[in-house]
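Heads up, the thing below is written out as structure tokens.
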Amino acid sequence: MTASKPFKILILAGDGIGPEVTEQAVNALRSVADFGGYDFQFDAKLIGGVAIKQQGSPLPEATLAAALESDAVLLGAVGGNEFNQLPPDKRPEAGLLAIRQALGGFANLRPSFAWPALANNSPLRPEAVEGADILFVRELLGGLYFGEPRQWDKASDSAWNTLRYTKAEVARVARVAFELASKRRKKVTSVDKANVLEVSQLWRATVTEVAQEYPGIALDHQYVDACAMHLMNTPRNFDVIVTENLFGDILSDEAAVITGSLGMLPSGTIGGAVNLYEPVHGSAPDIAGKGLANPLGAILTAAMLLRHSAGLEADAQAIEAAVKHVLEQGYRTADLARGNAPGIQVVSTQEMGQQVNQALSHILDRSQALHAV
Ligand code: IPM
Ligand code: MN
């Protein structure tokens, strides 16, 4: 961001728990703007089920236009049980896939981090998750999600989707993975199913070729089934994992187990005209509106927005430190109630957001005082 122009953030809260967790993420962004004197401009539009109901489309034109004009898009979640009978192209999820495609970001970054304070909240043993810090780079614009032809042919009682990647599509997402690994522990694991699928053979050959450009980075390959197991056995052994769209969707939900809850996971999609930020969790209609949702995934997503779109690394770190602090203080939303010990306090979505914001204000206050001397 530059000092002279406002930084435009489009909020697409969406369905289910989307609005309540996004509200808390926006509060964190507002605090950052207040303390830093940044000119963040917020606009809000409809997407998903709420957009179908009010405007007849899961991605109304006004939403897409506003997204393309913004500097970053922060999305909550889409989907709801009442739409489950609709064909895929009419569902709320179609709006999400369409906006991903329109914004053009192809590298979906999904960090999965074992917060020390949550070691007892994972169903895995604390010594298994301790120190795990994984960054998934999920290819987001290709594979089965977008491949043509696709059809459910009722007349022949058969259905098909197409798994297709070009070398260029694999190479560009591989480069993102290697670049990010160079700033981390310098290891990339590429995940495929090259023992069965031609697409995976292309994937593996391309990632291996791109690796030549990054002599300082160690590359290994795993089959997706084996990776699913290693993730639970030895999550500490992974640094950056790069994989195709559907494998990345599945493995990143699995990796939530390391963190203790899907509600903890943030994501950011980079590489397009406008970057798109969305927590990994879905709309969770069963708990929507009850104050049970965990806003930390959305709040950490706001931190990723500051890091990758606004160039505000210190502020991103301040939000992450605030989350760490409230977890250490013992605050937990209901999804993190497993293994609760004395000193643990179960709080609502809003209370959790307030705790983070309070901690964030202290952290920003302190860093401002330091800069003033
Ligand atoms: C995700 C979600 C989406 C996906 C759905 C809602 C279309 O599961 O972001 O992981 O499959 O990409
Ligand atoms: Mn998913």
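Keep in mind that what you see is a predicted model, and the values were worked out from it rather than measured. All ligand and atom numbering here is 1-based and tracks the order in the structure.
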| field | Heavy atom of the protein closest to atom 11 (O) of ligand 1 (residue, atom name, distance) | value | Y145 OH, 2.5 Å

| Judged by non-hydrogen atoms, does H281 sit under 4.0 Å from ligand 1? | no

| query | Does the side chain of S190 come under 3.5 Å of the side chain of W203 through a donor N or O and an acceptor N or O? | reply | yes

| message | Assess whether a salt bridge exists between K186 and D239, defined as any Lys/Arg side-chain N lying under 4.0 Å from an Asp/Glu carboxylate O. | response | no

| Quick one: which of E93, E278, R100 has a heavy atom closest to atom 9 (O) of ligand 1? | R100

| Would you call the rings of W115 and F113 parallel, tilted or perpendicular if under 30° counts as parallel and over 60° as perpendicular? | perpendicular

| query | How far is atom 8 (O) of ligand 1 from its nearest protein heavy atom, and which residue and atom name does that atom have? | reply | D249 OD1, 3.3 Å

| field | Ligand-residue contact atoms, ligand 1 with R138, heavy atoms, under 4.0 Å | value | 1 (C), 4 (C), 9 (O), 10 (O), 11 (O), 12 (O)

| said: Below 2.8 Å, can you find an N, O or S atom of D249 next to the Mn ion (ligand 2)? | reply: yes

| request: List the closest protein heavy-atom neighbour of atom 1 (C) of ligand 1: residue, atom name, distance to the nearest 0.1 Å. | output: R110 NH2, 3.3 Å

| message | For the residue pair S31 / D34, report whether a side-chain donor-acceptor contact shorter than 3.5 Å exists. | response | no

| field | For the student: nearest non-hydrogen atoms of A114 and I258, plus distance | value | CB-CG2, 4.1 Å

| message | Check contact between R91 and ligand 1, using heavy atoms of the residue and a distance below 4.0 angstrom. | response | no

| Distance-only donor-acceptor check, side chains E313 and Q317, under 3.5 Å | yes

